[in-house]
Each structure stands twice: as C-alpha cells, then as structure tokens.
Amino acid sequence: MRTPLIAGNWKMNGSHALVEAFGRAFADAALPDSLEVVMLPPFPYLEAARGALANVSVRLGAQTLNPSHAGAHTGEVSGGMLKEFGVDYVLVGHSERRELYRETDDDVYDRLLAALNAGLHPILCVGETLEARDAGHTNDVVLRQIGHALAPLEPEQRARVTIAYEPVWAIGTGRTATPEQAQEVMAAIREYQAGFDPGLAQAMRLLYGGSMNAANAAELLAQPDIDGGLVGGASLKVDDFLAICHSAR
Ligand SMILES: O=C[C@H](O)COP(=O)(O)O
C-alpha cells in the first residue's frame with residue numbers, strides 16, 4: 001500500500017502572508033495520517049514555512065539544489081544545506097529547469113545523486129512536450145528520462161525516489177491530461193520499473209502534475225497508478241490545495 005503524497009510547488013510565487021495563511025489552514029484542516037503533504041516554497045520562505053508548519057504534519061521541500069557539496073557557486077544552495085535546515089524533499093528535473101535553465105539529463109542525474117547523498121528525498125520530474133506526444137513518443141521520452149536518472153543508482157537509492165509525471169503541455173496551461181492519459185503513462189512507468197525490480201515498482205510513488213486542481217484531482221487520484229500530485233498554480237490557493245489534499249484520502 002503506497003502512502004499518497006500531495007506536493008505544492010509554489011515556483012517563484014508566494015509571500016510571508018501566504019505561508020502564514022497555509023500554517024493556519026493546515027492547523028485547522030485535520031489532514032489524515034494516511035496522507036503525506038509537502039510544501040515547496042521559494043528558498044526565502046523556507047524559514048517562515050518551517051515555523052508555520054512546526055506543529056502540523058506537513059513536510060518541507062525545496063525546488064532545486066546544486067549538485068556540488070560546497071564551493072564557489074554564487075547564488076546556489078546545496079543538498080547538505082537543505083538537509084541541515086530541515087528540508088525533506090527536493091524537486092529535480094522539473095520541466096521549467098530543463099527548459100529555462102537548460103538542465104540536461106546528465107544535470108538532472110547529478111542533482112538526483114546529490115540529493116540522495118545529502119539524505120533528501122528527491123522528486124524526479126519527467127514529461128513529454130506536445131510535439132513528442134503528437135508524434136507518439138510520449139513513453140519513449142518519459143522512460144528515457146527515468147532510465148537516465150535511475151539506472152546508475154543503487155537499489156537503496158532508487159527506493160528513495162518519487163517520480164512526478166508532468167506532461168509539459170499540461171503545466172500551467174489549464175489543460176490537464178485526462179485521467180486515462182495520465183494512467184496510461186503511469187502504468188508504463190511502473191511496468192518499466194518492474195523490469196528492474198518488481199518489488200520497488202510496486203512501492204514507488206508516482207505523482208501526476210499538470211493543471212491539477214480542486215475540480216479534477218479526485219478523478220486523477222482515483223487512477224490505480226497515480227499516488228499523488230505535484231501541484232503548481234492550485235498550491236497557491238489555500239482552499240483549493242486543501243481540497244486536493246482531501247481528494248487524496
Ligand atoms: O510543479 C508543478 C507542476 O509544474 C504543475 O504546475 P501547474 O499545476 O501550475 O500546472
């Protein structure tokens with residue numbers, strides 16, 4: 001049985017007021033123990049989020065990390081720093097990092113390894129562009145991204161990775177993958193993993209991301225291979241995000 005996970009990726013959005021609003025809302029929300037919730041605000045709000053979430057069972061996540069342990073990398077943050085601060089989860093390979101900051105599959109692997117070495121739980125993001133989907137290459141793209149990142153890892157390391165399938169064409173567009181489209185890719189991911197390790201394939205959590213909202217979450221989360229969501233825009237709205245969390249019960 002996999003514990004559902006709902007992660008709110010604020011991207012470069014938010015404020016101290018929003019952190020506080022979420023802190024109050026989570027304190028009143030009575031989230032079920034059977035659900036894991038992660039909040040991923042921008043770095044400057046992590047401190048406030050740690051305080052606001054101190055008495056609720058919501059974990060902290062970061063949106064990226066530098067692959068190096070330390071050194072002359074102006075503006076960057078290492079996995080060790082995140083871990084020391086109290087962060088549990090970190091995104092790697094988000095399509096915005098791949099597109100806007102030119103992170104390659106090799107870069108994604110380096111960050112994944114750095115996160116694991118720091119004792120963090122990485123959420124590996126994968127997904128196809130609209131062009132790739134229209135050309136019938138969805139599974140090729142997604143499985144290539146996953147294979148590149150996971151194949152060199154030890155089994156114990158692989159077991160600490162969560163995968164988020166985010167079709168690029170569905171991110172921030174309001175155009176959600178249908179539950180059937182999402183399930184089809186999730187099932188392919190799990191089947192691919194089963195080729196290496198059937199036990200791990202069953203245990204590994206797979207999240208869907210891409211315009212998930214309060215209205216469509218329940219149907220997506222009802223799919224057998226969707227274990228949670230990586231939520232962008234709707235994670236900035238307290239009521240919507242809580243509604244998504246409750247959909248995952
Ligand atoms: O990390 C979250 C995803 O990119 C989804 O973003 P979105 O819910 O705004 O489409």
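Since this is a predicted model, take the numbers as computed values, not measurements. In listed order, ligands and their atoms are each counted from 1.
The two residues I146 and Q193 come nearest to each other via the heavy atoms CG2-NE2, 3.3 Å.
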Working note: L60 + R50, criterion side chain to side chain contact (heavy atoms under 4.5 Å, CB included); need CA distance, chi angles, decisive distance, verdict. CA-CA 7 Å; L60 273 185; R50 183 173 59 179; 3.8 Å; yes
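Note on D107 versus R102: no salt bridge recorded, every NZ/NE/NH1/NH2 to OD/OE distance being 4.0 Å or above.
Side chains of W169 and E131: no donor on one and acceptor on the other come within 3.5 Å.
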Tabulating one pair per line, provide the atom names and distances (0.1 Å) for every N/O atom of ligand 1 that is less than 3.5 Å from a protein N/O atom.
residue: ligand 1; atom: 1 (O); partner: N9; partner atom: ND2; Å: 2.9
residue: ligand 1; atom: 1 (O); partner: H94; partner atom: NE2; Å: 3.1
residue: ligand 1; atom: 1 (O); partner: E166; partner atom: OE2; Å: 3.4
residue: ligand 1; atom: 4 (O); partner: K11; partner atom: NZ; Å: 2.8
residue: ligand 1; atom: 4 (O); partner: H94; partner atom: NE2; Å: 2.8
residue: ligand 1; atom: 4 (O); partner: E166; partner atom: OE1; Å: 3.4
residue: ligand 1; atom: 4 (O); partner: E166; partner atom: OE2; Å: 3.4
residue: ligand 1; atom: 6 (O); partner: K11; partner atom: NZ; Å: 3.2
residue: ligand 1; atom: 8 (O); partner: S211; partner atom: N; Å: 3.4
residue: ligand 1; atom: 8 (O); partner: G232; partner atom: N; Å: 2.9
residue: ligand 1; atom: 9 (O); partner: G233; partner atom: N; Å: 2.8
residue: ligand 1; atom: 10 (O); partner: G172; partner atom: N; Å: 2.6
residue: ligand 1; atom: 10 (O); partner: S211; partner atom: N; Å: 2.7

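In the hydrophobic clustering, Y89 connects to L5, V38, L40, L91, I123, L207, L230, either directly or through intervening members, whenever side-chain heavy atoms lie under 4.5 Å apart.
Counting non-hydrogen atoms of other residues, nucleotides and ligands closer than 6.0 Å to NZ of K11 gives a total above 12.
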